[in-house]
Peer 1: 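The structure under discussion is supplied below as structure tokens; questions concerning it will follow.
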Amino acid sequence: MADILITGGCGYIGSHTAVEFINSGMDIVIVDNFSNSDRSVLGRLQQITGKRIRFYECDAADPQAMEKVFSENRISAVIHFAGFKAVGESVKKPLAYYRNNIDSTLTLLELMKKHNCYNFIFSSSATVYGESKDMKPFTENDEAGKCSNPYGRTKYMIEEILRDAANADDNLSVVLLRYFNPIGAHESGLIGENPVGIPNNLMPFITQVAVGKLPKLRVFGNDYPTPDGSCIRDYIHVADLAAGHMSALLYAENHTGCEVFNLGTGKGTSVLEMVETFRRVNDVELPYEIADRREGDVPYCVADPTKANKVLLWECKKTLDDMCRDSWRWQKNCIA
Ligand code: UFG
């Protein structure tokens, strides 16, 4: 059977996708250089799935190392997660972001051509949409590319590179997945998001406050044009997101060209609603204060997932309660 290459497979979304693929009976090969992930994830993946993981510790942008991966396996599809992803850091180190994120994509595309591999699934982001003018959910037809930071621009540039590559090669099939806000963790509590240092994102910050590692949450702004004044996002359970990659792969295997899909629930949740839901579901204290707006935040970012629902036959199954419960279980396990 052919192998599916998962770059960044020890990271947050990559590891959940690895579980989804293994549990569906697929053979996977993981590449990760642990630049933002932990070696212990490999053992945890084996614990969850009961399968040995084929793994290479290398940089997905390294042509020699990746040539070895392609020549030692029969790679039929690449799911490309590996990449730098911190918005603030990308503003300070733009060249590192362009070099790393774009180089890895080019390396993979060149090796895929050489080894007759034609399916590419790319981790893009809702950040490519920028600000919604009318506070309506984004469809894939909405304008993209007006990103406010280098990280977002790498995502959009890679989308364009992949579009060009698919135009030039009739065999190639590219699926661009625009993720909204992934949260939650595997229900076993064995894998989840484990940011280094003080978290930037809302859910890891919430769980670290709840567990007592951080004193209180700062809600960035309560004067946005939203019902309660705090920003609205489309939070999606990472397990639903992982399942979206399986649907995308099935689609890629049966089509050529380049298609883009939003992966989100279509439901918006404000920061204050998230705080309330987390408290209620987990019965924990969650001290917070209202702070100034965070630079670069948009008031509203929600997916219209209709295209993925219809074309990929994929939809989200987990609720916001599930997301809060699973994130909390993972956080408690991290401490233990
Ligand atoms: N927030 C707080 N306090 C915090 C952290 C976040 O109030 O301590 C608020 C933010 O202001 C925002 C919301 O919670 O309104 C969500 O913030 P996140 O940082 O969790 O997520 P973002 O929507 O800002 O960004 C995420 C990813 C990006 C990606 C983007 C796509 O982190 O990588 O979604 O829309 F590009």
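Atoms within each ligand, like the ligands themselves, are counted from 1 in listed order.
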Peer 1: Which protein heavy atom lies closest to atom 11 (O) of ligand 1, and at what distance to 0.1 Å?
Peer 2: Asp297 OD2, 2.5 Å
Peer 1: Between Asn201 and ligand 1, which part of the residue brings a heavy atom under 4.0 Å of the ligand: side chain, backbone, both or neither?
Peer 2: both
Peer 1: Does ligand 1 have a heavy atom under 4.0 Å from the side chain of Tyr151, from its backbone, from both, or from neither?
Peer 2: side chain
Peer 1: Would you call Arg293 and Asp223 a salt bridge, using N to O less than 4.0 angstrom?
Peer 2: yes
Peer 1: Which of the atoms of ligand 1 are close to Cys231, meaning less than 4.0 Å from one of its heavy atoms?
Peer 2: 15 (O)
Peer 1: Got a salt bridge between Glu159 and Lys155, using NZ or NE/NH1/NH2 to carboxylate O under 4.0 Å?
Peer 2: no
Peer 1: So which protein heavy atom does atom 24 (O) of ligand 1 come closest to, and at what separation?
Peer 2: Arg294 NH2, 2.9 Å
Peer 1: Does a side-chain N-to-carboxylate-O contact under 4.0 Å join Lys114 and Glu67?
Peer 2: yes
Peer 1: So, does Tyr300 use its side chain to make a donor-acceptor pair with the main chain of Lys133 at under 3.5 Å?
Peer 2: no
Peer 1: Under a 4.0 angstrom heavy-atom cut-off, which atoms of ligand 1 come close to Asn200?
Peer 2: 5 (C), 19 (O)
Peer 1: Would you mind telling me if ligand 1 is within reach of the side chain of Leu217, the backbone, both or neither, using heavy atoms under 4.0 Å?
Peer 2: side chain
Peer 1: Of all the non-hydrogen atoms in the protein, which one sits nearest to atom 26 (C) of ligand 1, and at what distance?
Peer 2: Asn181 ND2, 3.7 Å
Peer 1: Run the numbers for me: atoms of ligand 1, each under 4.0 Å from some heavy atom of Val219, listed by number.
Peer 2: 7 (O)
Peer 1: If only side-chain N and O atoms count, and only distance matters, is there a donor-acceptor pair under 3.5 Å linking Glu89 with Tyr97?
Peer 2: yes
Peer 1: Would the distance check show the side chain of Asn73 and the main-chain N or O of Val69 forming a donor-acceptor pair, the cut-off being under 3.5 Å?
Peer 2: yes
Peer 1: For Ser123 and His80, indicate whether the former's side chain and the latter's backbone hold a donor-acceptor pair under 3.5 Å.
Peer 2: yes
Peer 1: Identify whether the distance between the nearest side-chain nitrogen and carboxylate oxygen of Glu110 and Lys113 falls below 4.0 Å.
Peer 2: no
Peer 1: Only heavy atoms of Thr127, strictly under 4.0 Å: list the atoms of ligand 1 that pass.
Peer 2: 31 (C), 35 (O), 36 (F)
Peer 1: Would you call Ser125 a ligand 1 contact, heavy-atom distance under 4.0 Å?
Peer 2: yes
Peer 1: Does Asp321 pair with Arg280 as a salt bridge, N-O distance under 4.0 Å?
Peer 2: yes
Peer 1: Using a 4.0 Å heavy-atom threshold (strictly under), name the region of Phe205 that reaches ligand 1: side chain, backbone, both or neither.
Peer 2: side chain
Peer 1: Name the closest protein heavy atom to atom 23 (O) of ligand 1, giving the residue it belongs to and the distance to 0.1 Å.
Peer 2: Arg233 NE, 2.6 Å
Peer 1: Show the atoms of ligand 1 that are less than 4.0 angstrom away from any heavy atom in Val271.
Peer 2: 7 (O), 9 (C), 13 (C), 14 (O), 15 (O)
Peer 1: For atom 20 (O) of ligand 1, what is the closest protein heavy atom, and at what distance to 0.1 Å?
Peer 2: Leu202 N, 2.8 Å
Peer 1: Taking only non-hydrogen atoms of Phe180, do any sit less than 4.0 angstrom from ligand 1?
Peer 2: no
Peer 1: Run the numbers on Phe34 and Phe55 for ring-ring contact (aromatic ring centres under 6.0 Å, His included), then give the verdict.
Peer 2: CA-CA 12 Å; Phe34 301 118; Phe55 172 72; 5.5 Å; yes
Peer 1: From the options Asp234, Thr319, Asp240, select the one residue that forms a side-chain hydrogen bond (donor to acceptor under 3.5 Å, both in side chains) with Thr265.
Peer 2: Asp234
Peer 1: As an exercise, identify every atom of ligand 1 less than 4.0 angstrom from a heavy atom of Tyr235.
Peer 2: 13 (C), 16 (C)
Peer 1: Counting from 1, what ligand 1 atoms have a heavy atom of Arg218 closer than 4.0 Å?
Peer 2: 2 (C), 3 (N), 4 (C), 7 (O), 8 (O)
Peer 1: Counting non-hydrogen protein atoms only, what is the nearest one to atom 4 (C) of ligand 1? Give residue, atom name and distance.
Peer 2: Phe220 CE1, 3.3 Å
Peer 1: Any side-chain donor-acceptor pair under 3.5 Å between His255 and Ser173?
Peer 2: no
Peer 1: Are any of the heavy atoms in Phe138 under 4.0 Å away from ligand 1?
Peer 2: no
